[in-house]
Structures are given as structure tokens and as C-alpha cells.
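Structure, as C-alpha cells:
Note that the structure is predicted; figures quoted are calculated from it, not measured.
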Amino acid sequence: MFSFLLFNTAFSQNSKKLLNLEEELYSSDLVEFKTSLTEIDSSSLSPQDKALYYYINSKYLELTNQEDEAYKYLKASKKLYLAVDSIGKAMDINLDMAYLLEAQEQNNISYKPYVEEYINYAKKTNDTLKIARGYGNMAMYYISKENYNLSSDYYKKGLKIIETKDYKVVKSSLYNNLANLYNESLHKPDSGIYYLKKNAIILKEINAPSEDYFHYYVNLAASYHHKKDFITANKYLRLADSLPLVNYELKSKWIIYGNFQKNYANLGDYKNAYKYQLLTKQYTDSINVTEQNIAIRDIDTKYKTKEKELENELLKERVKNGNIFLYIIISVLIISLIIGFLIVKNARRKEKISHQEKLIEKQKLEKALKDYELSSIDLMLEGQEKERQRIANELHDNLGSMLATLKINFENLKIRKDHLRDEENKLYKKTDDLIEEAYQKVRRIAHVKNAGVFANEGLIPALKKLAEKISIPQKLNIELVPYGFNGRLDNNLEITIFRIIQELATNIIKHAQATEASIQLTHHDDNINIIIEDNGVGFSTDKINTADGMGIASIKKKIEQLDGSFTIDSTPNKGTTILIDLPI
């Protein structure tokens with residue numbers, strides 16, 4: 001559950017009447033508020049007051065679902081603030097415009113420039129709090145563009161810049177949003193739990209309201225749901241359900257019961273799953289009906305107010321009864337049209353929810369297929385590893401032993417031949433040399449195949465041996481340049497990296513026709529960078545066979561499974577450079 005990093009734009013330079021009116025916006029009846037707003041003569045206001053007047057108008061229009069008009073008033077307010085050199089206030093409005101544009105479903109206006117302008121101003125004024133807020137809103141923008149890694153970077157940049165500051169509310173919001181991103185988009189629930197625990201400390205320190213704890217418990221339940229620990233997930237949902245909420249109670253219950261339904265279904269408790277499915281449906285209907293009733297009640301209140309105004313006009317101006325009746329008929333007709341529109345809108349909302357559910361199911365199926373494909377690659381690599389080990393053992397234990405025995409027997413036979421002619425001696429020597437050469441090749445192959453599998457000394461020593469063994473004097477020199485490897489990695493990761501480099505080095509020997517090659521490995525923080533270069537003939541990257549199960553395509557898929565990146569830079573006759581980044 002994401003939350004935007006917004007703040008109130010009230011300014012002490014404005015008239016007290018306008019400041020009081022802004023405070024009443026969220027606490028009074030909207031019809032009464034509109035009446036108070038229209039009583040203000042905007043033409044007599046100073047530019048500073050008119051800017052705030054336009055801002056308050058935009059907030060009212062936003063609350064009454066008139067987003068297009070609200071956006072126009074925000075632009076007018078910002079323009080006035082810039083005219084009176086209130087640049088900071090104009091920049092604050094940028095975030096309001098970004099929020100308004102992001103919330104509209106069919107908006108085609110990018111709000112990224114508004115956030116960028118806000119961040120640039122915050123950096124210029126060295127306001128770390130505003131910089132952090134700007135980064136948080138930029139992270140939300142990249143979530144809408146499905147660029148989740150860049151979104152994560154912006155959240156972390158926001159946290160880093162205020163890590164020594166006492167901006168606990170902003171930190172809480174950033175931790176909450178970052179956890180949600182890791183849960184729902186990056187599919188790393190352990191990271192989600194990590195950031196939620198940080199958020200829990202802040203919530204306790206600031207004595208946060210129930211609504212903040214509601215978001216915390218629901219997000220924590222989501223983390224354990226993705227970890228398939230559905231029992232723990234339900235425990236946190238019950239804590240969320242026990243909170244006394246003032247606002248959005250129906251929507252909150254709908255979220256909790258929907259998650260209960262999914263968890264019980266995964267636990268095979270279909271009785272409770274069905275129970276919460278019915279409750280979710282009940283709250284879905286209640287939310288729709290409540291929203292519609294609120295809108296109709298507002299319309300009814302407006303109608304009654306209009307009717308009262310007409311009666312007063314009748315007393316004051318003695319307007320004919322026929323004209324009053326005509327106004328009432330027109331008002332009733334307009335109200336009927338609006339109610340009809342709300343009913344149609346409600347039906348379309350239900351249709352949209354149904355479409356979204358189908359889309360979610362489709363995405364789940366696509367994810368399952370991708371997981372199956374990745375597991376197939378794992379099985380293939382595991383089988384390849386076992387086959388390599390089997391071949392190495394066969395070469396070393398069987399064929400190697402046979403060649404060694406053959407050499408001993410041949411030397412015994414040679415000793416017994418005391419009287420040999422020169423030609424026979426040469427034949428024996430030549431045969432002996434061939435047996436020795438075959439024996440050494442078998443040992444070399446066995447050691448190369450076993451390198452990385454039985455390499456107790458670690459990845460770097462195994463790679464050094466590999467580079468030494470596959471280098472060919474006067475023909476191919478392979479250089480290994482490691483940096484930052486002060487300790488051992490996970491054994492499975494070491495084997496995977498070794499096999500990737502072995503496969504790519506083999507490709508250099510087979511296809512590159514190179515005389516020089518280098519393998520550079522850098523271990524920095526939680527990342528491993530690998531660069532493999534050669535001065536060979538190169539190739540066109542367009543001709544890579546994506547269906548090749550054992551070549552570059554397979555390596556690329558394996559790296560993607562490890563959340564890494566794989567880049568090839570190659571041009572015919574200009575060599576090849578391969579860059580690999582792997583997170584740990």
C-alpha cells in the first residue's frame with residue numbers, strides 16, 4: 001500500500017480569513033464550504049491571497065471529483081506565486097499537480113517534469129527534507145512506468161539524504177513504500193520485512209495513529225504471504241483488523257478480508273476461504289453503495305439548498321410561481337441525470353474490477369510459466385554439472401589408470417629387449433612418447449573438468465588454474481585480474497560463476513581466433529562485476545541463437561534468474577567484450 005509524500009500548503013503571509021477557510025476544507029460540509037468560498041470576492045484580493053484562493057479552490061474541486069478544473073486552478077496558483085517571487089510555494093504546488101495527474105486513470109500528461117523541477121529547486125536551496133520528498137515522488141513515477149529498480153534507487157536515495165536528520169514521518173513513509181515495492185513488484189519479501197521493521201521503530205517513536213499501523217500490519221502480512229508463510233500472514237491481518245480506524249473503515253475491511261481469503265485458500269482451509277470471499281464481496285458492494293449514497297446525499301443537500309434559495313427569492317423579488325416551478329423541474333431533471341450517471345459509473349467500476357482480476361490471473365500464469373522455464377534451466381545446468389563430474393571421474397579413474405598401466409607394461413617390455421636394432425629402438429621411443437602424451441592429456445582434461453567442482457581453495461584459485469591450462473603458448477594468452485575477493489562466496493554461486501566463465505572462455509578458444517584475452521572480476525559491496533574481453537574476430541550480436549540451450553542464450557537466462565545483467569559488445573573483426581553484473 002503506497003502513500004504519496006504530500007504536505008499542506010498553508011502560508012502565514014495570507015489573510016486570516018483564507019487560512020481559516022483552508023482549515024475548514026477537510027472538516028466542514030462541502031456544500032457549506034462552497035458557499036463560504038463563493039462569498040469571497042477574488043477580484044479584491046492581493047496577488048498573494050489570490051494564489052492561496054486558487055489553491056483552496058483546486059482542493060475543493062479535487063474532493064468533488066472535478067480533477068480537470070482542479071488542475072487548472074493549481075496551474076493558476078503556481079503562476080501567481082511565481083509572479084510574487086514565492087518560488088518555494090510554487091514548487092510545493094508541483095507535488096500537488098503530480099499527485100493529481102498520477103491519480104487520474106486516463107491521464108496522458110506526464111507529471112515527471114513537475115517532480116524534477118521540485119527536486120532541482122530543493123537541491124538548489126539545499127533543503128534535504130524537500131529533496132527526500134521529491135525522490136519519494138520520483139520513485140512513484142517509475143513504479144507507474146514499471147521501472148522498479150530505478151524506483152528502489154530513488155527511495156534509497158531519499159532515505160540516505162535524511163538518515164542523519166530527525167524527519168521521522170518522511171522516513172516512515174519511504175520505508176513503507178519501499179517495503180511495498182519489494183513485496184509486490186520486485187518479489188523480495190525478505191527485503192520488504194527488513195524495511196518494515198525499520199518503519200516499526202519509527203512508528204513507535206512518533207506514537208503513530210492507527211491508520212499508520214494498519215498500513216504496517218497489512219504490508220507485513222503481504223511479505224509473509226509472498227514467503228508462503230500464510231499462518232504468520234493471517235496473524236498480522238488480525239492485528240490490522242483489531243485497530244480502531246476513523247477513516248476509510250469499509251475500504252480497510254475490504255483489503256483485510258480479501259487477503260484472508262487468499263491465505264486460507266493457499267492453506268487449503270476452503271471453509272474459511274469461502275467465508276472471507278463472501279465478506280469481501282459484501283464489503284465491495286458496501287463500498288460501491290456507500291460511495292454512491294454519499295454522492296446522491298450531496299446532490300440531495302445541494303437540491304434542498306437550491307430550493308431554499310428559490311423560496312427566499314420568491315419572498316424578496318416576488319417571482320411568479322410558474323418560474324419557481326420551472327426552476328424546480330429543471331433542478332430535478334439535472335439531479336436525475338446525475339444519479340443516472342452515477343449508477344452507470346458504478347456498473348463500469350464493477351466491470352473494470354472484473355477486467356483487472358482477469359488481468360491479474362493472466363499475469364500469475366505468465367509468472368508460473370517463467371518460473372517453470374527458469375527451473376528447467378537450473379535442472380539442465382545441474383545435469384550438465386553432474387555429467388562433467390562423471391566424465392572427469394571416468395577419465396581420471398578408468399582411462400587414466402589404464403594408460404598408466406599400459407605405460408608401465410610397455411617400459412617393462414622395453415627393458416627386456418636388450419638387443420634391439422636402432423629402428424626398433426626408435427619405434428619403441430616414439431610409442432612411449434605417444435603414451436606419455438595421451439596420459440598427460442587425459443590428466444589435464446580431468447583436472448579442467450573438475451576445476452570449480454572440487455576446488456576447495458575457492459573461485460579465484462580455480463579460475464587461475466583454468467586460465468593457465470587453457471592458455472596456449474605463442475597462440476593465446478588468457479589473463480585473470482581479480483579485485484576485492486577477500487573471502488569465499490556461497491559454494492553454489494562460485495560454481496555458477498566458474499561455469500559461466502568456463503563456457504565463455506571455451507567460446508573464445510573455439511570461435512574468436514584471438515591471441516589475447518582477459519577475465520576481470522570485481523567484488524564491490526553486494527555486487528560482482530565480470531568483464532571478459534578478447535581481440536578476436538568478433539561477431540554480429542543479431543545472430544545469437546536464442547534457442548541454443550547450452551550457449552550464450554542459456555548463460556543470459558541464468559544470469560537473469562540471479563537478478564543480474566548480461567551485455568555483449570561485439571563487432572566483426574574488432575573483438576568482443578562481455579559485461580556481467582551479479583548481485584549477491
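The side-chain tip of Lys124 does not point at the ring of Tyr121 from less than 6.0 angstrom away and within 45° of straight on. Cation-pi geometry between Lys188 and Tyr182 is not met: the NZ or CZ atom fails to fall both under 6.0 Å from the ring centre and inside 45° of the normal.
Side-chain N or O atoms of Lys574 include none that pairs as donor or acceptor with a backbone N or O of Val537 at under 3.5 Å. In this structure, the side chain of Asn183 engages the main chain of Asn219 through a donor-acceptor pair within 3.5 Å. Under the 3.5 Å distance criterion, the side-chain polar atoms of Ser471 are matched with a main-chain donor or acceptor of Ala467. Using modelled atom types, one side-chain atom of Asn259 and one backbone atom of Ile255 make a donor-acceptor pair closer than 3.5 Å. Put simply, the side chain of Lys112 never gets that close to the backbone of Met138: no donor and acceptor are under 3.5 Å apart. In this structure a side-chain-to-backbone donor-acceptor pair under 3.5 Å is present from Asn535 to Thr515.
You'll find the side chain of Lys130 reaches within 4.5 Å of the side chain of Tyr118, heavy atoms only.
Between His225 and Phe230, the ring center distance clears the sub-6.0 Å criterion. Remark: aromatic rings of Tyr148 and Tyr142 are distant, center separation not under 6.0 Å.
Counting heavy-atom neighbours within 6.0 Å of Lys464 NZ, excluding the residue itself, gives a total of 12 or less.
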**OP:** I would like to know whether Glu494 and Arg499 meet salt bridge (charged side-chain N to carboxylate O under 4.0 Å, His left out); could you show each step before the answer?
**Re:** CA-CA 9 Å; Glu494 285 191 344; Arg499 290 306 181 201; over 6 Å; no
